J.: 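After the structure tokens below, expect a handful of questions from me.
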2 protein chains.
Amino acid sequence: MSGYDTVDRALLAALARDPRATVVALAERLGLSRNTVQARLARLETSGAFLSFERSIDPAPLGYPLEAYVSVHVRQRVLAEVVDEIARIPEVIQAHGITGSIDLLVRLVCRDAHDLFRIDREILAIDGVERTETSLAMGELIPYRLLPLLER
Amino acid sequence: MSGYDTVDRALLAALARDPRATVVALAERLGLSRNTVQARLARLETSGAFLSFERSIDPAPLGYPLEAYVSVHVRQRVLAEVVDEIARIPEVIQAHGITGSIDLLVRLVCRDAHDLFRIDREILAIDGVERTETSLAMGELIPYRLLPLLER
DNA sequence: AGTCCGTTGAGCATGTTGCCCAGTTTTGGG
DNA sequence: CCCAAAACTGGGCAACATGCTCAACGGACT
């Protein structure tokens, strides 16, 4: 299942470098035939190698320049319900269940600090939420990247 | 600068729903002329509305099914150096400087729990790192999304 | 030997892209 | 209120990429 061979990784790396690259361009860059690249790309696509395109849209120009992580402690029994409630908040863009003392790590974007407080209160008001801990992301010190992993 | 009008947001939403949609398809879906859509798309692109394509590549099939967040406490003076060192670890896919007691929130992927421990030790060994707190992401309870924000 | 799989080169119809232009509508400032 | 700038529209066009098919070649494995 996990089996990507060297060619697949090279293809993904080339794509990561230049997402707009045409199939023919990728083919000659990798020294492969256009047919091969097309087949492999199709296989990668259907095998689910690509995530939603939403991840590539920058929330900042939309008016949400700030990103924050909110750790949410939840009464275990009602975790599912709490998640449902949190999912209703549009500013929440992702949430992970995590190990450790914290139950939920919620990732959200907001317009400003005031906005963040509002959303935080909204989460706190949810039944089953015991405590939250909000951390404002000040800067992306290491910008999202996958190339180091692809190039190994 | 932040100014996206209704049409831009609709365009982005349509794109988020169907990333492979052709320009003509988007045009008729929005009831606009192909020329307009093409112009707006070009403007969005050059204005930096889109982030790197790497974000749309799933690390899991690459052999890294696990994701983890590591909170890193750093001696303030050497923050930059610590970030440089952490950036050398290929499994690190992102890092934010955040407010609160924690200095650095590092996001990484790994092959398994053993792998995670190894990387954690690697971070701990960096000069200037005082303490780390590792949380394994158990599941994406709310999958990454931007549509709720686009649709308002 | 025989079979399967990935690759290659070729070809072809179709659709999309990127660009041009002129005319019309909408927008915002004076 | 009017004018000018900006945005939108419809049309057209050449170049190109796509998706698909086919036959042929090599390597790996039974």
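Because the structure is a prediction, the values reported are computed rather than measured. Within every chain, numbering begins at 1; the chains are lettered A, B, ... in the order of the sequence lines, protein sequences first and strands thereafter.
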J.: Any donor-acceptor pair under 3.5 Å between the side chain of A:Asn35 and the base of C:dG6?
T.: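 Check fails, no donor-acceptor contact within cut-off.
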
J.: For the pair made of CG in A:Leu26 and P in D:dC16, what is the distance, rounded to whole Å?
T.: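 Result: 18 Å.
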
J.: Which of residues 9-25 of chain A have a heavy atom under 4.0 Å from DNA chain D?
T.: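 Here the set is A:Thr22, A:Val23, A:Val24.
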
J.: Going by distance alone, is a donor N or O of one side chain under 3.5 Å from an acceptor N or O of the other, for B:Thr99 and A:Ser135?
T.: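 Distance-only check fails for B:Thr99 and A:Ser135.
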
J.: Is the backbone N or O of B:Val72 less than 3.5 Å from a side-chain atom of B:Arg131, with the two atoms forming a donor-acceptor pair by type?
T.: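 Side chain of B:Arg131 to backbone of B:Val72: no pair is present.
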
J.: Counting side-chain heavy atoms from CB outward, which of D:dG12, C:dG11, C:dT8 is closest to B:Arg34?
T.: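 My answer, after comparing the listed nucleotides, is D:dG12.
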
J.: With a 3.5 Å distance limit and no angle check, can you tell me whether A:Asp103 reaches the backbone of A:His73 through a side-chain donor-acceptor pair?
T.: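 A pair under 3.5 Å: no.
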
J.: On the nucleotide C:dT17, are OP1 or OP2 found under 4.0 Å from the side-chain N or O atoms that B:Gln38 carries?
T.: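 So the side-chain polar atoms of B:Gln38 never come under 4.0 Å of the phosphate oxygens OP1 or OP2 of C:dT17.
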
J.: Ignoring backbone atoms, test whether B:Thr36 places a side-chain nitrogen or oxygen under 4.0 Å from the OP1 or OP2 oxygen of D:dT9.
T.: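 Checking B:Thr36 against D:dT9: at least one side-chain N or O falls below 4.0 Å of OP1 or OP2.
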
J.: Could you see if B:Tyr144 belongs to whatever hydrophobic cluster contains B:Leu15? Use Ile, Leu, Val, Met, Phe, Trp, Tyr and a side-chain cutoff under 4.5 Å.
T.: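 In one cluster: yes.
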
J.: Using atom CZ of A:Arg43 as one end and atom P of C:dC5 as the other, report the distance to the nearest whole Å.
T.: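 For the pair A:Arg43 CZ and C:dC5 P, the rounded distance is 12 Å.
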
J.: State whether A:Arg107 and A:Glu67 are salt-bridged, where the test is any N-O pair (Lys NZ or Arg NE/NH1/NH2 against Asp/Glu carboxylate O) under 4.0 Å.
T.: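 The answer is yes: the pair qualifies as a salt bridge.
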
J.: From CG of B:Leu32 over to P of C:dT25, roughly how many Å is that when rounded to an integer?
T.: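 For the pair B:Leu32 CG and C:dT25 P, the rounded distance is 17 Å.
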
J.: Atom CG of B:Asp5 to atom P of D:dA7: distance rounded to whole Å?
T.: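 Value for this atom pair: 10 Å.
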
J.: Atom CG of A:Leu30 and atom C1' of C:dG6: how far apart are they, to the nearest Å?
T.: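 Atom CG in A:Leu30 sits about 15 Å away from atom C1' in C:dG6.
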
J.: When you look at A:Arg152 and B:Glu91, which way does the salt bridge (charged side-chain N to carboxylate O under 4.0 Å, His left out) test go after all the steps?
T.: CA-CA 11 Å; A:Arg152 285 205 330 187; B:Glu91 284 89 354; 3.6 Å; yes

